[in-house]
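Here is how names work: the chains are called A, B, and so on, in the same order as the sequence lines, proteins then strands, and each is numbered from 1. Everything numeric here is computed off the predicted structure, so don't read it as measured data. Scope of the values below: all heavy atoms of this structure, side chains included, with no hydrogens, waters or symmetry mates.
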Protein chains: 2
Amino acid sequence: MPAVPVDQSEHRSGALLDHLARRIRLRSESVLAPLGLRPRHLVALTVLRAGGGISQQALAGTLEMDGTNVVGLLNELEAERLVERRRSPEDRRRHVVELTPAGAERLAEAECALATAEDEVLGALEPAERETLYELLRRAATGTGTLSCTEAVADADTRPGDDRC
Amino acid sequence: MPAVPVDQSEHRSGALLDHLARRIRLRSESVLAPLGLRPRHLVALTVLRAGGGISQQALAGTLEMDGTNVVGLLNELEAERLVERRRSPEDRRRHVVELTPAGAERLAEAECALATAEDEVLGALEPAERETLYELLRRAATGTGTLSCTEAVADADTRPGDDRC
DNA sequence: ATAAATGGTTTGTGCTTCACAAACGAACCA
DNA sequence: TGGTTCGTTTGTGAAGCACAAACCATTTAT
């Protein structure tokens, strides 16, 4: 038995994650509705912003949802020009899905609108802690190993003026 | 305009949280099924472990779900003796809900069973980071302000022998 | 060149979760 | 006594989702 003081590997985050996600989703739905979006859309847009130019089945893979349902989701997003399907030049069966400028803008709007919802749920955390949380979640979601902040920041700061919500 | 270098308040965690929660839930369902539990049960048990001896409508409040559906949830949990409803001595309309020893044990089992599911989803994070994530989530979920680790650890370590999964 | 496999699409079915409403008994409070 | 609150039951309806079947266009293998 090692001399390590306490075993802290018992802490399982699953239920907490589920709980918080639900609480945010409840608030998000009402906030997102006026924008014509549902939480699911937001997740898809976020994934596309993180790694665009992706095939539909790759998207279905990272979203871990059935391909047929991805079709419907993309139909809705494309109907509002938030997303674009282009045929891949290498394999013309494939659709390359990408966020349109309008989509990026709408996503930013939605995130702004969600600010209060998140503030409500994550109110117990200080700004720095929320940033830590964000970074941990992002890394877990993208599967990326340790990554300097620079990429994310560079990504978020390509919009010059409208930093304020 | 202050001299702060970059605005990092734009990072919204909602979609990421939703995404990760979904990924964990997908895996959890199959793992939890043999134990006769569903993710929702786990959340309820976790809440009860964190703050037991609570009334049903208080539980409905923190769970943010309809009271009528809480009844059904508790019925299922009580049918397996994981939870106990006792009438409150002060107000005999009220039910005081508490985790039974069997419930605590089952919860621990479930968390163990979920280890692999979480490992899969949170694989990109190192153990220390996962612990940080857990602590942030826990604080956000319980609404508790900055809190020393001691409580959580003391809570988790009342079981002496079975630390290993 | 012909056959088989693949990416995407459409349609339909069914399950599960959930919110919400209505009506009830029991207990509390005025 | 009457109004109110807690828990309960039952039912309804919407939404999210997985899954299957059938289809076209295209790619790949034989």
Side-chain angles (χ1 to χ4, degrees), chain A residues 15 18-19 21-33 36-45 48 53-79 83-98, chain B residues 15 17-19 21-33 36-44 48 53-79 83-98:
Chain A
D18 207 48
H19 186 202
R22 173 182 159 77
R23 289 181 59 193
I24 288 192
R25 197 170 53 244
L26 281 178
R27 290 159 174 75
S28 302
E29 277 162 3
S30 50
V31 172
L32 252 35
L37 294 174
R38 278 167 302 142
R40 182 61 25 119
H41 295 137
L42 209 63
V43 175
L45 291 178
L48 285 177
I54 210 178
S55 98
Q56 279 189 218
Q57 75 174 12
L59 184 60
T62 65
L63 246 37
E64 298 204 50
M65 59 187 294
D66 195 279
T68 63
N69 298 104
V70 171
V71 173
L73 195 65
L74 288 180
N75 286 348
E76 295 169 1
L77 290 175
E78 199 175 31
V83 137
E84 219 178 42
R85 284 194 258 216
R86 301 189 321 271
R87 301 231 81 114
S88 164
E90 309 119 15
D91 184 340
R92 302 206 5 252
R93 291 169 300 182
R94 234 175 270 170
H95 274 161
V96 172
V97 185
E98 256 181 8
Chain B
L17 216 54
D18 206 49
H19 185 202
R22 172 181 160 77
R23 289 182 59 194
I24 290 192
R25 197 170 54 244
L26 282 178
R27 290 161 174 74
S28 301
E29 277 162 2
S30 50
V31 172
L32 251 37
L37 295 174
R38 277 167 303 141
R40 182 60 28 117
H41 295 137
L42 209 63
V43 175
L48 285 176
I54 209 178
S55 99
Q56 277 189 220
Q57 76 174 11
L59 185 59
T62 65
L63 246 37
E64 297 204 52
M65 56 187 295
D66 195 278
T68 61
N69 297 106
V70 172
V71 173
L73 194 65
L74 288 181
N75 286 348
E76 296 168 1
L77 290 175
E78 198 175 31
V83 138
E84 217 179 43
R85 284 193 258 217
R86 299 191 321 270
R87 301 231 83 112
S88 163
E90 309 117 16
D91 184 342
R92 301 203 8 250
R93 292 170 299 182
R94 233 175 273 170
H95 274 162
V96 173
V97 185
E98 257 182 7

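- Look at NE2 on A:His95: it is 5 Å from P on C:dT9, rounded to the nearest Å.
- Contact annotation: A:Arg85 side-chain N/O to C:dG8 OP1/OP2 distance is not under 4.0 Å.
- B:Arg87 places a side-chain N or O within 3.5 Å of a backbone atom of B:Arg92 that can act as its donor or acceptor partner.
- Distance B:Glu29 CD to C:dC15 C1': 12 Å, rounded to the nearest Å.
- The distance from atom CZ of A:Arg94 to atom P of D:dT27 is 10 Å, rounded to the nearest whole Å.
- Taking the side chain as every heavy atom from C-beta outward, A:Asp18 and B:Ile24 never approach each other to under 4.5 Å.
- One interatomic measurement links the two molecules: CZ of B:Arg93 to P of C:dC29, which rounds to 7 Å at whole-angstrom precision.
- Contact annotation: B:Arg22 side-chain N/O to D:dA18 OP1/OP2 distance is under 4.0 Å.
- Heavy-atom minimum distance, B:Leu17 versus A:Ala21: O-CB, 3.9 Å.
- Applying the 4.0 Å criterion to OP1 and OP2 of C:dG7, one finds that A:Gln56 has every side-chain N and O outside that range.
- If you measure from atom CG of A:Leu77 to atom P of C:dT9, you get 13 Å, rounded to the nearest angstrom.
- For A:Arg92 against D:dT26, no side-chain N or O and base N or O form a donor-acceptor pair under 3.5 Å.
- Looking at A:Thr68, its side chain comes within 3.5 Å of the base of D:dC19 through a donor and an acceptor atom.
- Summarising the geometry, the separation between CG on B:Leu32 and C1' on C:dT16 is reported as 16 Å, rounded to the nearest angstrom.
- Distance from the side chain of A:Leu26 is smallest to C:dA19 among C:dT10, D:dG7, C:dA19.
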Could you check B:Glu64 against A:Arg25 for salt bridge (Lys or Arg N to Asp or Glu O under 4.0 Å), going step by step and ending with a plain yes or no?
-> CA-CA 11 Å; B:Glu64 297 204 52; A:Arg25 197 170 53 244; over 6 Å; no

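- Taking side-chain N and O atoms only, B:Asn69 has no distance below 4.0 Å to OP1 or OP2 of C:dC20.
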